[in-house]
Structure formats: structure tokens, C-alpha cells
Amino acid sequence: MTVRTRFAPSPTGYLHIGGARTALFNWLFARHHRGRFVLRIEDTDVARSTEESIKAILDGMEWLGLDWDEGPYFQSKRFEIYRKHVDILLAKKLAYRCYCTPEELEERRRKAIQKGYPPRYDGRCRNIKDAPDMPFAVRFMVPEGTTTVEDLIRGRVSFDNEQLEDFVILRSDGTPTYNLCVVVDDAEMEISHVIRGDDHLNNTPKQILLYRALGYPVPFFAHLPMILGQDKTRLSKRHGATSVMAYKEMGYLPHALVNYLARLGWSYGDQEVFSRDELIEKFSLENVGRSSGIFNPEKLLWLNQHYIKNTSNEELAELMVPFLKTLGVDPSGDERLPRIVGTLKERAKTLKEMAEASLFYFKDEVNYDTSAVRKFLTPDRIELFELLVERLSGVEPFTEEGIEGAFRSILDEKGIKLKRLAQPVRVAITGRTVSPGIFETIGALGKERTISRLKRAISLMKDTNPTV
RNA sequence: GGUCCCAUCGUCUAGUGGCCUAGGACAUCGCCCUCUCAAGGCGAAAACACGGGUUCGACUCCCGUUGGGACCGCCA
């Protein structure tokens, strides 16, 4: 049997963290088994579905590298197929027309809750005659008995059919509902494994009943635990960024998010870091946990930092360009970029952070931190700086080793510690007290710029009444 | 309210009856390294929700309690 999985989002918003993980697990399962991964857009709710949302979901999938083999299929274009299935059920007397109006149902539901009864449809239209002129919905006739879900993650879960009401499969406006569409599509698209969120477990018996009524084979089910926010409630906007694309904008690497999401609910011994191929190779439903997990942004951040650190300078240079541009820097043609990135990548948690930290390399005017200047750019270092300018000018080629040599020669002569010289120089060329290593910073900045910044600092120090 | 699911450090988790004095990772704290900040290294603190069984022996199996979550729509 070839494995076929699917991701079936409804386009009523962006691709969020929870959806992305569901998509990822389906994708991993399909790839692991060399099966097919299908994308299907569940847009039967015409009122709430939007084009932007479809695009947002596709963009998110693409960014994460979750490529699909078939689709996207759109349920809105398959209404005829669903109608046909409803007719079959109607003909087999496994479904019936219901003439109750939504208002009546709402009223009855309200009363039931008030009296403490379960708010369930009572099946009153089961045996009434068809009235051709009246608007109707179609309900599935739930048989008596027990329905058991054989879940690959939860095990065997049984439901008493009495708990299932005769649910609507076709609305009075002629559009089909979720439970019907999902079954028809999964059956027709020959989905072998339905891997989805825990929140669908309670729908599963209804769907199994539908598969049977329609004469379709029942697929395997696997219900993934939910992802919760810090307060243990279902992850939502209140918990901060939940849109996948928001993470792109914040400077996350797609694979960091993939790695993080994979480990939220799934594990492989003590291993935390997985390449894409490793994930595919090692993923299995057996190692998916059963309890819901809390989304932990700090661990994601750590993974992001880890991957930034381990990405090549060239690649990072390219990834950082859009972030620089939004900061007003156009680095195109600047050959220093890979090297600059190299000095920053050990200490950046996001691409955005890295871009911000790199600004001093590009701006002609150093943005001085006043208290740093006051503390480190004092007149007693003028001589040291002049000496450094002289030595640095003689360094050719301008390599890190050469730069360090220039520094060391001064330190030896003056009998001072590197600290004495490095901090003021750092302030002079970056404007602040925190930066990458001083030699690599100077190397990446370049000879001309370094010397001009040192000279500018010297004149600042000479100025008894400096304005910075 | 009814039904269903879940329960190991703050968080993600390892653990499938003796290997557990419960392991790893993030976060936290300390030390080392050091030109600042990071990174890195070393170390510390930190958990089997509770109560009953079953068993020679339970984190592991069963039951209950408690707690959390989901679903109960002519939403998906």
C-alpha cells in the first residue's frame, strides 16, 4: 500500500504554528514512507474563506519547505461530488431531509441546556414525509451501537453512538458540511493516513460511520496532541506571534522552526537537532507523544541561533539582505558582507538582530553611545590611538593576523593589557562597548574606514568640549 | 452539563516492571575561558499530581480522585 497523507487547512486566516506542525507531520510521514503528500483547501465555508488566506497558507508551506505532490484541491470546486454522495445516502435511506429551521434548533438547544440536557438534535424529522416545497437540510441517520476509532497514537477509542446526533451533511442552501466533505475527499483522494489535530478525535466516529455508509474503506487515523500557549490554553493570537510568516519576518530560519515543531510532540531519544533528511529518516508515529505541549519560544530561539551559527557566511549574507534593506541599508555590491556576517553570526539569535548589529559597518557616521564615549574616549588615549593609526596604516595585506600584530606591538612597547586598548578602539569604530572581536571587526570593516574612524575619535578626544 | 483525550524538572522530553540515587535539551544560577558581548567548557538547582490495588518489585500495569485540554453548530 502506498502511503498518502494530506494537509487540509481552511483558508480563514494565516498558516499558524499548530497548522504548520500538522502539515509537517503529514509531510514527514509521507516522505518517510516514500508516499504522497496532498494539499487540500477546505473552503466550503464560502463566507469565511478568502483568497489572501489561501495565499498566506501556500506561502507559509513554501517557506517551510513543505512541498506537496498533489493539489491544492479546492473543496469549493467539488460541490457536485458531495451532492452526489448525499443523494446516494438519501437513496439508501441512510440520510433524511430535515425541515427544522436554524432558529427552531437554536431555541431547542437553548432550552435543553437550560434544563441540563445534552443539546442534541432529537431526530424528529427522521420519519416525516418529504415536503418538496419547503427548504431542508440533510441529516445523516446515526445508527445505534458503538463506534470504535483505532488511533495510531491514542490506541482504541470507543464512542457510544447515542452521543452522536444526526448531524447535518448538507445545508439548506445546498452546500455540504465539513464531516461529509472530509470523508468524501479523503476517500476519493485515497488518503491512507489521516493525521490531524486532537480536536478532531470527537468527529472521527461520525466520519467512520460515513465511510461505512458510503462503502468506502476506513483509513488509519492519528490524532496529534494540541499545542498550547504559556497559560495552557489553546495557542492563539493572545500568545504572541502564531503566524508562521511572522517568524520569517522576525528573522527566523525556516529549518529552525521545522526542527522546533518536529520536536514538539515527537522525540527521538535525546536528540534535539535534526537535519531535514534526518527528520524524514527518523520520523515515526510511534514516537509521537499523547499529551499536549506548550509552545516555548525560547527553545525555538535557541535553535534559530544554533542554525544561524552553522549556516555559511555566503548564505547568511544573502538571507540578511532584506533585513538590511528595511533598516535603510542597501548592501548590494558590498563584498564585505559575508565577512561581516561571519563576525556576527556567533552572537545573533535572529537575522533581524544580526542586521541591526551590523549597522555600524555600513553607516558612514558612527552612532556613538555617549556614556561609552565619555568613559573610553579620553584624552589620555590620544597617543595610543595615533600610534595605532600609524601601525595599522603599515599593515599590508590587511588581515586579522596583521591587525593583531599591530596591536600586540603597541601593547608590548607600552606594557599594557589588550583590554586598555581594545575597548576604546571598539567605541571609536563601532560607537559602543559591545561588538564582535576587535581584530575581526576591524578586518571586516576595512582599512580605510577603520583609520578614518580612529582619526575621528582622536579629534573627538582632542576637543575639550566634545559634542557627540 | 455530557462525551472523549491527557498527566515525569518552569518548558520540550527519555523512560515500555528491576538498568532510576529518574537521563537529555531550553530557560535559570555559579565557575572557567576572555579585548566587550556572545559562543564554548564545567557544574548547580529543578520532576514521576494524589490515593488505592496488581506484583517479590512500580515512573512504568489496573481502578479511582484531582487537575488540564478538546468536542458537543445548517464552523472547519
Side-chain angles (χ1 to χ4, degrees), chain A residues 8-12 42-45 47-49 75 98 100-102 105-106 109 112-113 115-121 135-139 149 151 153-154 157-160 162-165 167-173 175-179 181-182 197-205 223 225-226 228 230 232-234 260 263-273 287 289-303 305-306 309 344-349 357 372 376 404 407 417-427 430 432-439 441:
Chain A
S10 61
T12 53
E42 308 221 325
D43 55 352
T44 54
D45 185 353
R48 292 203 303 151
S49 301
Q75 290 190 324
C98 170
C100 302
T101 65
L105 292 166
E106 183 50 44
R109 190 173 299 123
I113 290 169
K115 287 182 183 168
Y117 296 130
R120 224 172 285 132
Y121 178 71
F136 62 88
V138 176
R139 286 181 186 270
V149 181
D151 193 277
I153 292 170
R154 321 256 144 200
V157 184
S158 293
F159 296 82
D160 190 328
E162 273 182 40
Q163 297 301 324
L164 282 27
E165 62 179 351
F167 54 94
V168 171
I169 55 176
L170 191 76
R171 301 185 186 99
S172 47
D173 67 0
T175 60
T177 63
Y178 167 72
N179 281 118
C181 297
V182 96
D198 217 354
D199 47 342
H200 288 287
L201 185 55
N202 286 298
N203 283 321
T204 310
H223 287 93
M226 300 269 86
L228 311 177
Q230 307 282 10
K232 296 192 174 208
T233 64
R234 197 179 171 149
Y260 176 73
R263 275 289 283 102
L264 217 194
W266 172 81
S267 63
Y268 190 81
D270 283 341
Q271 193 172 342
E272 295 287 350
V273 176
N287 291 321
R290 287 166 304 277
S291 51
S292 48
I294 294 173
F295 182 74
N296 183 352
E298 301 198 310
K299 187 158 181 181
L300 169 59
L301 199 57
W302 169 74
L303 273 166
Q305 183 176 38
H306 171 85
K309 219 163 46 193
L344 262 13
K345 69 178 187 182
E346 290 258 312
R347 49 212 102 207
K349 285 175 158 52
F376 291 103
E404 179 160 5
F407 269 74
K417 298 263 193 200
L418 175 58
K419 198 184 203 131
R420 275 279 297 166
L421 186 54
Q423 273 306 79
V425 169
R426 190 185 314 280
V427 173
T430 72
R432 34 204 76 241
T433 55
V434 173
S435 87
I438 195 67
F439 308 127
T441 301

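Predicted model only: the values in this text are computed from it and were never measured. We name chains A, B, ... by the order of the sequence lines, and we start the count at 1 in each one.
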So, is [X] close to the [N] phosphate, meaning a side-chain N or O under 4.0 Å from OP1 or OP2?
{"X": "A:S267", "N": "B:A14", "result": "yes"}
{"X": "A:R139", "N": "B:C74", "result": "yes"}
{"X": "A:R120", "N": "B:C71", "result": "no"}
{"X": "A:R290", "N": "B:U16", "result": "no"}

Look through every strand shown and name the nucleotide pairing with [N] as Watson-Crick or G-U wobble, where both distances are under 3.5 Å.
{"N": "B:U55", "result": "none"}
{"N": "B:C50", "result": "B:G64"}
{"N": "B:A22", "result": "none"}
{"N": "B:U28", "result": "B:A44"}
{"N": "B:G2", "result": "B:C71"}

Check: A:Q75 main-chain N/O paired with A:D43 side-chain donor or acceptor under 3.5 Å =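 Side chain of A:D43 to backbone of A:Q75, a donor-acceptor pair under 3.5 Å: yes, one is there.
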query = Does the A:E165 side chain pair with the main chain of A:R120, one donor and one acceptor, at a distance under 3.5 Å?
reply =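 Checked: no pair found.
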Taking the same atom, [atom1], in [N] and in [M], what whole-Å distance lies between them?
{"N": "B:A47", "M": "B:G53", "atom1": "P", "result": "26 Å"}
{"N": "B:A39", "M": "B:C31", "atom1": "P", "result": "16 Å"}
{"N": "B:U54", "M": "B:C59", "atom1": "P", "result": "16 Å"}
{"N": "B:C26", "M": "B:A14", "atom1": "C1'", "result": "15 Å"}
{"N": "B:C33", "M": "B:G43", "atom1": "C1'", "result": "15 Å"}
{"N": "B:C19", "M": "B:U60", "atom1": "C1'", "result": "14 Å"}
{"N": "B:A22", "M": "B:U65", "atom1": "C1'", "result": "25 Å"}
{"N": "B:C48", "M": "B:G73", "atom1": "P", "result": "40 Å"}

Protein-nucleic acid N or O pairs under 3.5 Å, nucleotides 37-41 of chain B:
{"residue": "B:C37", "atom": "O2", "partner": "A:R347", "partner atom": "NH1", "Å": "2.8"}
{"residue": "B:C37", "atom": "N3", "partner": "A:R347", "partner atom": "NH1", "Å": "2.4"}
{"residue": "B:A38", "atom": "O2'", "partner": "A:E346", "partner atom": "O", "Å": "3.0"}
{"residue": "B:A39", "atom": "O3'", "partner": "A:K309", "partner atom": "NZ", "Å": "2.9"}
{"residue": "B:A39", "atom": "O2'", "partner": "A:E346", "partner atom": "OE1", "Å": "3.3"}
{"residue": "B:G40", "atom": "OP1", "partner": "A:K309", "partner atom": "NZ", "Å": "3.2"}

Between [atom2] on [N] and [atom1] on [X], what's the gap in Å once rounded to a whole number?
{"X": "A:I294", "N": "B:C26", "atom1": "CD1", "atom2": "P", "result": "19 Å"}
{"X": "A:K299", "N": "B:G10", "atom1": "NZ", "atom2": "P", "result": "15 Å"}
{"X": "A:N202", "N": "B:G1", "atom1": "CG", "atom2": "P", "result": "17 Å"}
{"X": "A:R263", "N": "B:C12", "atom1": "CZ", "atom2": "P", "result": "11 Å"}
{"X": "A:L228", "N": "B:A7", "atom1": "CG", "atom2": "P", "result": "13 Å"}
{"X": "A:K232", "N": "B:C12", "atom1": "NZ", "atom2": "C1'", "result": "12 Å"}
{"X": "A:L303", "N": "B:C12", "atom1": "CG", "atom2": "P", "result": "15 Å"}
{"X": "A:R432", "N": "B:U36", "atom1": "CZ", "atom2": "C1'", "result": "13 Å"}

ask   = For A:K349, what residues pass the salt bridge (charged side-chain N to carboxylate O under 4.0 Å, His left out) criterion, not counting sequence neighbours?
value =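 With sequence neighbours excluded, A:K349 shows a salt bridge (charged side-chain N to carboxylate O under 4.0 Å, His left out) to no residue whatsoever.
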inquiry  = Assuming nearest nucleotide by heavy-atom distance, tell me which of A:D199 and A:Q75 is located more 5' along RNA chain B.
reply    =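 Per heavy-atom nearest nucleotide, the more 5' residue is A:D199.
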task = Would you mind telling me which residue lines up with the more 5' stretch of RNA chain B, A:T233 or A:R426, judged by nearest nucleotide?
result =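 Nearest nucleotide further toward 5': that of A:R426.
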May I ask you to say what [X] touches in the nucleic acid, namely base, sugar-phosphate or nothing, with a heavy-atom cut-off under 4.0 Å?
{"X": "A:G265", "answer": "sugar-phosphate"}
{"X": "A:T44", "answer": "sugar-phosphate"}
{"X": "A:C100", "answer": "base"}
{"X": "A:R48", "answer": "base"}

Name the closest nucleotide to the [X] side chain, picking from [options].
{"X": "A:L201", "options": "B:C71, B:U36, B:C5", "value": "B:C5"}
{"X": "A:L105", "options": "B:C74, B:C35, B:G2", "value": "B:C74"}
{"X": "A:M226", "options": "B:U3, B:C35, B:G69", "value": "B:G69"}
{"X": "A:E298", "options": "B:A27, B:C6, B:C35", "value": "B:A27"}

query = Below 6.0 angstrom between ring centroids: does that apply to A:Y121 and A:F167?
reply =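 Aromatic pair excluded; centres sit 6.0 Å or further apart.
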inquiry  = Would you say CD of A:Q271 has more than 12 non-hydrogen atoms from neighbouring residues, nucleotides or ligands within 6.0 angstrom?
reply    =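 Check passes, neighbour count above 12.
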key: A:V182 versus A:N179, closest heavy-atom pair with distance   =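 Result for this residue pair: CG1-O, 3.5 Å.
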query = Side chain of A:E272, base of B:G24: donor and acceptor closer than 3.5 Å?
reply =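 When only heavy-atom distances are counted, A:E272 does reach the base of B:G24 through a donor-acceptor pair under 3.5 Å.
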request  = Verify whether one side chain among A:T12 and A:R48 offers a donor that lies under 3.5 Å from an acceptor in the other.
outcome  =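 No pair is found: no donor N or O on one side chain lies under 3.5 Å from an acceptor on the other.
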